[in-house]
Amino acid sequence: MSADTMKDIVALCKRRGFIFPASDIYGGINGFWDYGPLGVELKNNLRDRWWKDMVVTPPIGPDGAPIEIVGVDSSIIQNPRCWEASGHVGGFNDPMVDCKESKKRYRADHVFVLIPKDGQGTSFAFDKDAEQSDIESRLKKFAKGKSASDFEKEMLDKVPAKMFASIIGPDAKEPGTLTEPRQFNMMFHTYVGAAAGDENKAYLRPETCAGIFLNFKNVVDSSRTRVPFGIAQIGKAFRNEVTPRNFIFRSREFEQMELEWFCEEEEVPMWFDFWVEQRTKFWEAVGIPKAELHFLDVAKEDLAHYSSRTIDVEYRFPFAAPGFDELEGIAHRGSFDLTQHEQFSGTKLEYFDQAANKRFTPHVIEPSTGLTRGVLALICQAYTVDESRPSGVYLNFQPGMAPKKAAILPLTAKEEHVPLAQKLYMDLREDFAVDLDIKQNIGKRYARQDEIGTPYCFTVDNDTISDQTVTVRDRNTMAQNRIHMDKVKEFVKDRIR
Ligand code: ATP
């Protein structure tokens, strides 16, 4: 897979109605995306599976009993003090550099620089996802006979300011056009009420977890939850990313699925391992093989200010391949959030353990993932090139995730085939998202279902009239078998479980 694969995936997503650029008819708006008829189904399937596995039927804990997790759905706009407490007003910054020549803006921690080992001559900056072949060819052209081994690699945000004059930016031809990194706060803000003064300034949440911490006391007071337990939330988050890119991977408006797991400090190591294991199982269950995942134990110096340990679950996205990029972060947040919100709000956020008669502030383990980034992983993983079939490509979704579980196709638009197909369709649609597709020749209809990742096509033909059997065509193997119409529902049910 390569950058070209990404282009093909983006094109398929638009052609078949998964994902469109937001405001497409106005030329789009960078970093914002709309989900089409199939994209919204896929996204809902992933969302519902997460919610089921977390809140409806949470996993069995290390002691053999089901653990306890409840859900919330908090407001996107909260009291702005909340973002001072969380550290976002002061510290949610990305280092950004501008290029005076190309007029492009970059995140300094997303650009690397090749600096000559001998200290002589020009340094070259590249996007962190740049292809090796592009790097080599640019050096060949402009580095006066030097090759990659004559350079040292350093991320732009770590390069001393005095060296900037000798760097050629990723899209520039002359050295010295990059500005020094400036801190840029990524929170979108707005004004609440009629007056647009600072006292009315509020923020769109940059992550969903704050709404969980703000409701910790409400949940404990109103429900029978006892530590250890979790609070889960799915919803929109907004970040004014310096460089949105890689399709929906880094957007300015996206959705997150976050769990805050509250436990005693002594039990943190056990629960941390538990959550890494559970989250791996989840990604496997929705169709991401473990071999395509990488677990990055984030180095101490790269940890967020609140975290003493974080594991990034990374996926081999095509634009990062053969490397990986973040799909989910599992962080030990300590008691940072509850303590901060307690201080800033003046409301006690301790937990009282009645059995042990003690008060304490629970520690938190947070598995946090992007729903929309997860959708991208599912699409990339499902994307399979197969020159042997008319569509040239199919989406190999895990059946439970597929936007349509089955398609019902009368072989011809003949009078005898259509009513039987309609009957089957009316029966199946009570239980699953199914397509009834009558028009066009059967080959074209199979091709369409392949491209949208429908795992099974049931075709009504002349034999159906005499013996009530239909053909079932398997998306991946294209093999066709006959089964009785009465068995179709069971067949699909067994396979999407
Ligand atoms: P980065 O350092 O890459 O900007 P992050 O480590 O700050 O991201 P988190 O704050 O840990 O990201 O967010 C948790 C999850 O939310 C990420 O693992 C990712 O799946 C998702 N996410 C974060 N930012 C974005 C974004 N701009 N677009 C889509 N998903 C995002």
Side-chain angles (χ1 to χ4, degrees), residues 19 22 29-33 35 39 43 46-47 50 83 86-88 91-96 106-111 127-129 155 157 183-188 204-212 232-260 275-276 279-280 282-283 286 288 293-299 301-307 309-315 317 319-320 323-333 336-337 364-380:
I19 300 162
I29 167 166
N30 196 9
F32 297 88
W33 299 91
Y35 290 75
K43 179 153 73 72
L46 184 59
R47 177 197 70 187
W50 189 93
W83 305 115
S86 68
H88 284 91
F92 195 52
N93 300 322
D94 272 340
M96 125 203 137
Y106 310 93
R107 248 175 82 170
D109 57 337
H110 283 176
V111 169
D127 186 290
K128 79 172 172 40
D129 294 331
M155 296 313 282
D157 61 331
Q183 293 301 327
F184 171 76
N185 192 290
M186 297 210 294
M187 274 197 296
F188 281 102
L204 305 192
R205 66 180 176 203
E207 52 185 28
T208 58
C209 62
I212 293 178
Q233 165 151 249
I234 299 176
K236 292 250 178 179
F238 302 81
R239 295 182 188 180
N240 199 0
E241 297 279 358
V242 177
T243 45
R245 55 145 119 225
N246 293 329
F247 196 23
I248 57 172
F249 178 84
R250 187 175 300 286
S251 327
R252 289 178 166 143
E253 175 175 344
F254 55 99
E255 278 175 79
Q256 287 187 315
M257 309 192 284
E258 297 195 292
L259 168 72
E260 307 306 316
W275 281 114
V276 172
R279 298 304 303 144
T280 309
F282 172 85
W283 287 114
V286 297
I288 307 287
L293 295 175
H294 176 252
F295 299 83
L296 176 78
D297 217 324
V298 177
E301 63 270 24
D302 295 332
L303 288 171
H305 57 283
Y306 50 74
S307 181
R309 187 176 180 204
T310 297
I311 286 195
D312 282 348
V313 183
E314 302 182 314
Y315 169 67
F317 287 99
F319 50 80
F324 300 82
D325 217 331
E326 179 177 333
L327 174 61
E328 169 156 355
I330 302 171
H332 173 210
R333 297 180 73 114
F336 172 81
D337 302 272
V364 169
I365 294 160
E366 174 196 70
S368 161
T369 190
L371 169 57
T372 43
R373 199 176 277 188
V375 165
L376 181 60
L378 295 192
I379 294 174
C380 292

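Being a predicted model, the structure only gives us computed values, none of them experimental. Just so you know, ligand 1 is whichever comes first in the structure, and atom 1 is the first atom listed for that ligand.
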Around [atom], find the nearest protein heavy atom and jot down its residue, atom name and distance.
{"atom": "atom 14 (C) of ligand 1", "answer": "S368 OG, 3.1 Å"}
{"atom": "atom 30 (N) of ligand 1", "answer": "F254 CD1, 3.4 Å"}
{"atom": "atom 2 (O) of ligand 1", "answer": "R107 NH2, 4.0 Å"}
{"atom": "atom 4 (O) of ligand 1", "answer": "R250 NH1, 2.9 Å"}
{"atom": "atom 13 (O) of ligand 1", "answer": "Q256 NE2, 3.5 Å"}
{"atom": "atom 29 (C) of ligand 1", "answer": "F249 O, 3.1 Å"}
{"atom": "atom 28 (N) of ligand 1", "answer": "S251 N, 3.0 Å"}

Ligand 1 N/O within reach of E326 N/O, cut-off under 3.5 Å: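 Right, the criterion is met.
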Does D94 reach the side chain of E241, with side-chain heavy atoms less than 4.5 Å apart?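 Yes, close enough: below the 4.5 Å cut-off.
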With atom 21 (C) of ligand 1 as the reference point, say which of G329, S307, G370, G374 has the nearest heavy atom.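 When every heavy atom of G329, S307, G370, G374 is considered, G370 comes closest to atom 21 (C) of ligand 1.
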Evaluating non-hydrogen atoms only, which member of E207, E241, R239, M186 is closest to atom 10 (O) of ligand 1?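 Considering heavy atoms of E207, E241, R239, M186, the nearest to atom 10 (O) of ligand 1 sits in R239.
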Side chain, backbone, both or neither: which part of [X] comes within less than 4.0 Å of ligand 1 when only heavy atoms are counted?
{"X": "E255", "answer": "neither"}
{"X": "L327", "answer": "backbone"}
{"X": "E328", "answer": "backbone"}

Donor-acceptor under 3.5 Å (R205 side chain, K236 main chain):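 At least one qualifying donor-acceptor pair exists.
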Could you tell me how the ring of F92 sits relative to the ring of H88: parallel (under 30°), tilted (30 to 60°) or perpendicular (over 60°)?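 Perpendicular.
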From W275 atom CH2 to E328 atom CD, the distance as rounded to the nearest 0.5 Å: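 If we round to the nearest 0.5 Å, W275:CH2 and E328:CD are 10.0 Å apart.
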Taking atom CE of M257 and atom CZ of R373, what is their separation to the nearest 0.5 Å?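 Taking CE in M257 and CZ in R373, the distance rounds to 12.0 Å.
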Under a plain distance cut-off of 3.5 Å, with no hydrogens placed, do S368 and E258 share a side-chain donor-acceptor pair?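 Judged by distance alone, the side chains do pair up.
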Which pair of non-hydrogen atoms, one from C209 and one from E207, has the smallest distance, and what is that distance?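 Nearest pair, atom of C209 first, then E207: SG-OE2, 3.1 Å.
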Please report the closest heavy-atom contact between N30 and R252, naming both atoms and the distance.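 Nearest pair, atom of N30 first, then R252: O-NH1, 3.0 Å.
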Would you confirm whether the ring centroid of F247 sits within less than 6.0 angstrom of the ring centroid of F249?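 So the answer is no for these two rings.
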